Participant: 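Before I ask anything, let me first share the structure, which is written out below as structure tokens.
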Amino acid sequence: MFEHGVLTGTLLSVFIADDHTQGQRFIALFQAPRPPVGPLRQLADGLGLRLQAQDARLEDAQAAGARCRAMLHAAAKASDIANTIRAALPVPAYTGNDSLTPLGLPLRIAIDAVIRIPPAGIAIEGGLVDPMRLVTRLALRQGTTCQVLERDHWALMPRPDLAPPGSAEDAIRHGGTTGFLAYAQGPFLAAAPPWLEVETRDGTIAHLPLPRPAEGAGLAVIEQILALPRPPLARISTVLAHTIGPIARGLNRARLALRPTPQRQDFGPLPASPERALIIPLHGRVDFMALQLALFSARPDPGCEILYILDDPRLAEEAERMAQSCWMRFRLPFSLLDLGAHLGYAPANNAGLAAARAAHLCLLNADVFPRQGEGMAWLPRLCAPLGKPAVGAVGATLLFEDGTLQHGGMEYQRVASLPPWPFPIHPGKGAKPGPARPALREVSALTGACLAIRRADLQALGGLDEDCIIADFEDAALCEALRARGLRIMLQPDVVLYHLERQTPGSHAPWRSGATLVNASHFAARWNPDAQG
Amino acid sequence: MRKAKADGRRVLVVSHTHPKLTQGGGEIVAFETFRRLNATPGFEGFLLSHDAKKLPVRAGAAFTQPFGPREYLYGGRSFDHFLFANPDPNFARAFEALLAELQPDIVHFHHFIGIGIEALAMPRRVLPRVEVMLTLHEYLLICHHHGQMVTRPDLTLCTEASPQACHGCFPEQSPQSFFMRDLWLRRHLDAVDRFIAPSHFLRARFLAWGLAEARMLVQANPLPPPAPRQKPSPRPPGTPRIGFFGQISELKGLGVLFAAAHILAARGWPGVIEMHGRQEEQPELLRRRLERLLAAQPPNITLCGPYPNEAVGGLMAGCDAVVVPSIWWENAPLVVREAAAAGVRVIGADLGGLGEALRALPGSILLTPRDPLALAEAILALPQAEPAPAAALIETDPLSLYRRAWPKG
């Protein structure tokens with residue numbers, strides 16, 4: 001009941017705070033058809049509740065909204081009802097101007113980049129200087145779309161440029177400074193510029209215009225994001241699942257959508273109807289090709305097509321020269337597919353899959369080499385178990401250069417200081433191989449460094465999982481996908497090759513370990529096989 | 001020259017350089033083999049050498065023939081000294097064409113530097129019945145340190161290569177790189193039917209490295225016929241003269257020799273030590289060490305500079321003894337055979353192939369390796385030693401290799 005009439009409507013209410021001096025506080029919200037109706041006199045419901053209002057006044061809607069938000073924030077606990085109330089509260093209209101700076105608060109938000117993340121998300125990279133902890137909520141808005149940028153989800157990084165080390169005064173002015181990367185999934189439109197909605201502790205809402213999101217999907221941006229400092233263990237799962245993962249995968253998908261058509265060159269007469277294909281991605285160095293082809297040529301497999309996939313545009317000329325030279329020197333026919341871009345291990349193998357004609361494929365790393373005199377004689381033996389319909393993939397025993405074990409099948413294990421993600425590990429790695437166990441045996445997973453699979457099966461799966469960024473986990477994901485189709489993953493222990501592992505320059509770059517974490521979290525979310533420890 | 005004679009054996013000798021361009025032992029031996037082939041009825045010899053980067057490159061022509069119709073020179077410049085690889089696609093093309101044209105029964109490699117180790121596997125692709133031979137001149141296949149099997153940088157003797165040990169000598173190359181080098185080399189060595197070891201010592205080293213015993217044969221390298229005996233140059237009576245012949249380098253024992261010379265000077269020895277040879281291009285490390293040594297040259301040492309190969313007999317004949325104080329294993333040092341031919345006593349280190357050669361030469365004095373005092377005392381004791389043995393030629397018939405029909409091993 002108001003001074004000038006009675007309003008009937010839904011009462012949204014929440015008891016939000018105990019206050020010893022003033023009792024419990026609540027927010028009541030009415031949809032008023034034609035304000036003002038004058039000061040509030042009484043609240044009543046159909047069940048007999050009557051509350052007399054003392055000193056009630058009808059406030060300006062914006063001021064009331066701000067007060068409500070402040071109360072909601074003080075309630076500390078978010079709830080559905082609080083969100084409903086918050087959504088119904090009036091907010092100042094966005095004028096396209098910065099309304100934060102005029103407030104004169106000791107608060108600064110620096111925006112470094114606004115990037116469109118396909119299909120319809122937006123990533124914001126910036127810095128927040130908030131020594132008084134005034135900001136209670138940041139949301140990304142565009143038209144009617146609004147998404148809260150949850151601080152728990154942010155990837156954080158130091159921003160010494162915003163918080164210079166120095167005096168106590170500096171600490172007051174710049175304390176609470178952090179760089180952040182935030183992600184909002186959208187859907188946001190590509191064309192319209194978004195803005196930041198900044199809510200402060202007193203419930204005030206201000207706006208910060210943002211530039212139109214940058215389009216672009218270069219690997220350099222992904223590398224930068226993957227090179228961000230690793231979040232602490234307590235937050236790493238959240239940050240990877242909500243921020244770094246979707247941003248990196250979104251950009252990677254967009255990047256892969258632009259992949260050029262591979263350029264193929266054949267060296268020598270190719271087999272007319274090959275039974276087997278070797279698919280060998282090249283990245284970082286091409287000299288491995290010479291050693292592999294030299295060794296293969298000692299005992300060629302005329303039933304095998306050899307496909308080198310150059311996943312490194314920097315090396316296009318060198319690879320072509322090397323390929324020509326290898327053909328002249330070793331007279332073993334092969335093909336070179338130049339991807340025209342650095343796409344990653346899964347897309348490179350998928351290009352090989354598209355180019356291959358043979359029924360049996362062997363995915364092979366360029367740093368895997370046969371033993372002296374074996375040539376290619378190992379390959380038909382590796383592929384033989386694929387003749388059994390129940391077998392989905394076959395792997396080999398791989399040795400380091402000192403004769404110790406590099407791979408004899410993989411198992412999943414948790415890694416200390418990381419969330420309980422299953423990491424494929426190589427049991428017995430680095431140990432002298434024990435007595436030979438020549439019988440074909442089932443294993444949890446196989447390394448993609450040397451893995452035989454039916455072409456039809458890999459095609460049915462759509463190739464290797466291209467959401468595995470650059471490299472890592474696509475082999476384990478392949479094995480899980482095959483197993484999900486009821487196929488068995490086998491190790492052929494008496495096929496033995498050398499695998500020198502990580503001889504490529506750049507494989508220790510900081511962003512690579514970031515990629516491993518993103519891929520690990522992606523693999524865990526997608527497959528989550530049992531892991532030990 | 002296009003078609004094989006019905007009864008003759010055609011041999012293509014392959015070498016890393018030609019004696020008209022450089023005067024190392026390997027090319028002298030390769031050329032001598034080629035020369036004897038063409039001087040012997042029933043044989044026809046051809047020679048393919050790298051030009052050691054001494055001749056102008058003829059664009060578009062892989063092989064040229066500036067020295068004669070049976071001598072081919074290859075001038076490729078893209079050689080990889082770590083893998084002994086030659087990525088030049090034009091070499092493979094030209095070599096295959098040459099093999100098809102010459103139709104040799106035997107291709108005998110005396111080296112693969114400049115040519116490329118891949119060439120070992122090429123003859124059989126073109127000529128399925130051809131025999132491939134390789135003479136091993138030092139330990140290059142085993143050791144990246146110029147095939148010397150002494151460590152870097154401290155030049156201690158090494159007995160066995162391994163990826164880890166070799167990485168210790170060359171930190172800039174990973175153990176994996178050495179492993180790949182090994183895989184690469186052995187792949188091409190698999191194409192060799194017969195390995196010729198000029199010494200038993202070298203043979204043993206390569207057997208230990210894993211070459212098949214059945215494919216390994218010991219035979220001395222052929223040397224050019226000695227020049228007519230030259231008169232020793234006149235010399236002051238009573239001044240003992242000791243000769244050193246060969247590359248002026250620390251690996252040849254320069255440090256040992258200098259230290260011995262200082263000891264000799266301190267003991268009032270009246271003689272001189274004459275060093276004949278070239279300071280060839282050396283790697284940075286050895287060059288710096290050599291410069292340091294030469295900066296403290298003892299007064300009784302005379303550096304005589306390079307000599308033409310045919311003059312060696314006369315120069316040696318003017319010496320009371322020839323010293324060979326090498327600190328590396330050596331293979332089958334020619335200097336010992338040259339001294340034998342000149343009838344001069346040799347004082348040398350009892351080490352590897354050098355010790356083996358000295359034991360075969362009566363009157364030689366064998367010393368503890370790297371022992372300057374022993375060397376000085378051996379020189380001081382020379383007047384009391386037995387007279388030097390008469391001149392002797394150590395020879396085997398190098399063509400006997402090609403007369404045999406070898407079982408495929």
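Just so it is clear, the structure is predicted and the values come from calculations on it, not from any experiment.
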Participant: Could you state the interatomic distance from CE (A:M328) to CG (B:N90), rounded to the nearest 0.5 Å?
Facilitator: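 So the gap between those two atoms works out to 7.5 Å.
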Participant: Is any side-chain heavy atom of B:P87 less than 4.5 Å from a side-chain heavy atom of A:M322?
Facilitator: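 No, too far: nothing below the 4.5 Å cut-off.
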Participant: Assess whether atom CD of A:E317 is packed by more than 12 heavy atoms of other residues, nucleotides or ligands within 6.0 Å.
Facilitator: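 No, because the 6.0 Å sphere around CD of A:E317 holds 12 heavy atoms or fewer from other groups.
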Participant: Flag yes if more than 12 heavy atoms outside A:R264 fall under 6.0 Å of its CZ atom; otherwise flag no.
Facilitator: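 More than 12 within 6.0 Å, yes.
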Participant: Does any backbone or side-chain atom of B:Q176 lie under 4.5 Å from a heavy atom of chain A? Answer side chain, backbone, both or neither.
Facilitator: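 Interface part for B:Q176: both.
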Participant: Just give me the residue among B:Q164, B:E118, B:M122 that pairs up with chain A most often, heavy atom to heavy atom, under 4.5 Å.
Facilitator: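 Ranked by heavy-atom pairs under 4.5 Å with chain A, first place is B:E118.
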Participant: Taking the six-membered ring for Trp, are B:H188 and A:F330 parallel (under 30°), tilted (30 to 60°) or perpendicular (over 60°)?
Facilitator: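 Parallel.
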Participant: Can you tell me if NE2 on B:H200 sees more than 12 non-hydrogen neighbours from other groups inside 6.0 Å?
Facilitator: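 No, NE2 of B:H200 has 12 or fewer neighbouring heavy atoms, counting only those of other groups under 6.0 Å.
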Participant: Under a 3.5 Å threshold, yes or no: a donor from one side chain and an acceptor from the other, between B:D190 and A:Q372?
Facilitator: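 Note: B:D190 and A:Q372 side chains meet the donor-acceptor criterion.
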Participant: Does any heavy atom of chain A fall under 4.5 Å from the side chain of B:E96, the backbone, both, or neither of them?
Facilitator: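 Only the side chain of B:E96 comes within 4.5 Å of chain A.
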Participant: Please name the pair of heavy atoms, one in A:E401 and one in B:P175, separated by the smallest distance, quoted to 0.1 Å.
Facilitator: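 Heavy atoms only, the tightest pair is OE2-CB, 4.3 Å.
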Participant: For the candidates B:P89, B:S177, B:A85, which exhibits the highest count of non-hydrogen atom pairs separated by less than 4.5 Å from chain A?
Facilitator: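 Among B:P89, B:S177, B:A85, the one with the most close pairs to chain A is B:P89.
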Participant: Would you please indicate yes or no on a ring centroid separation below 6.0 angstrom for A:Y498 and B:F179?
Facilitator: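 Here the rings of A:Y498 and B:F179 have centres that are less than 6.0 Å from each other.
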Participant: Given heavy-atom pairs under 4.5 angstrom as the criterion, report whether the side chain, backbone, both or neither of B:R93 touches chain A.
Facilitator: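 The answer is both parts of B:R93.
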Participant: Which heavy atom in A:A294 sits nearest to a heavy atom in B:W184, and how many Å separate them?
Facilitator: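 The pair with the smallest heavy-atom distance is CB-CZ3, 3.5 Å.
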Participant: For each of A:G373, A:S297, A:C326, tally heavy-atom pairs with chain B at distances under 4.5 Å, and name the one with the top tally.
Facilitator: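 The residue among A:G373, A:S297, A:C326 with the greatest pair count is A:S297.
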Participant: In terms of heavy-atom proximity below 4.5 Å to chain A, should B:S174 be classed as side chain, backbone, both, or neither?
Facilitator: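 The side chain, not the backbone.
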Participant: At a 4.5 Å cut-off on heavy atoms, which part of B:N86 comes close to chain A: side chain, backbone, both, or neither?
Facilitator: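 Interface part for B:N86: backbone (N, CA, C, O).
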Participant: Taking side-chain contact (heavy atoms from CB on, under 4.5 Å) as the criterion, tell me which of A:D367, A:L291, A:D287 meets it with B:M180.
Facilitator: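 For B:M180, the side-chain contact (heavy atoms from CB on, under 4.5 Å) test succeeds with only one of A:D367, A:L291, A:D287, which is A:L291.
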Participant: Rounded to the nearest 0.5 Å, how far apart are CZ of B:R186 and CG of A:L295?
Facilitator: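 That separation rounds to 12.0 Å.
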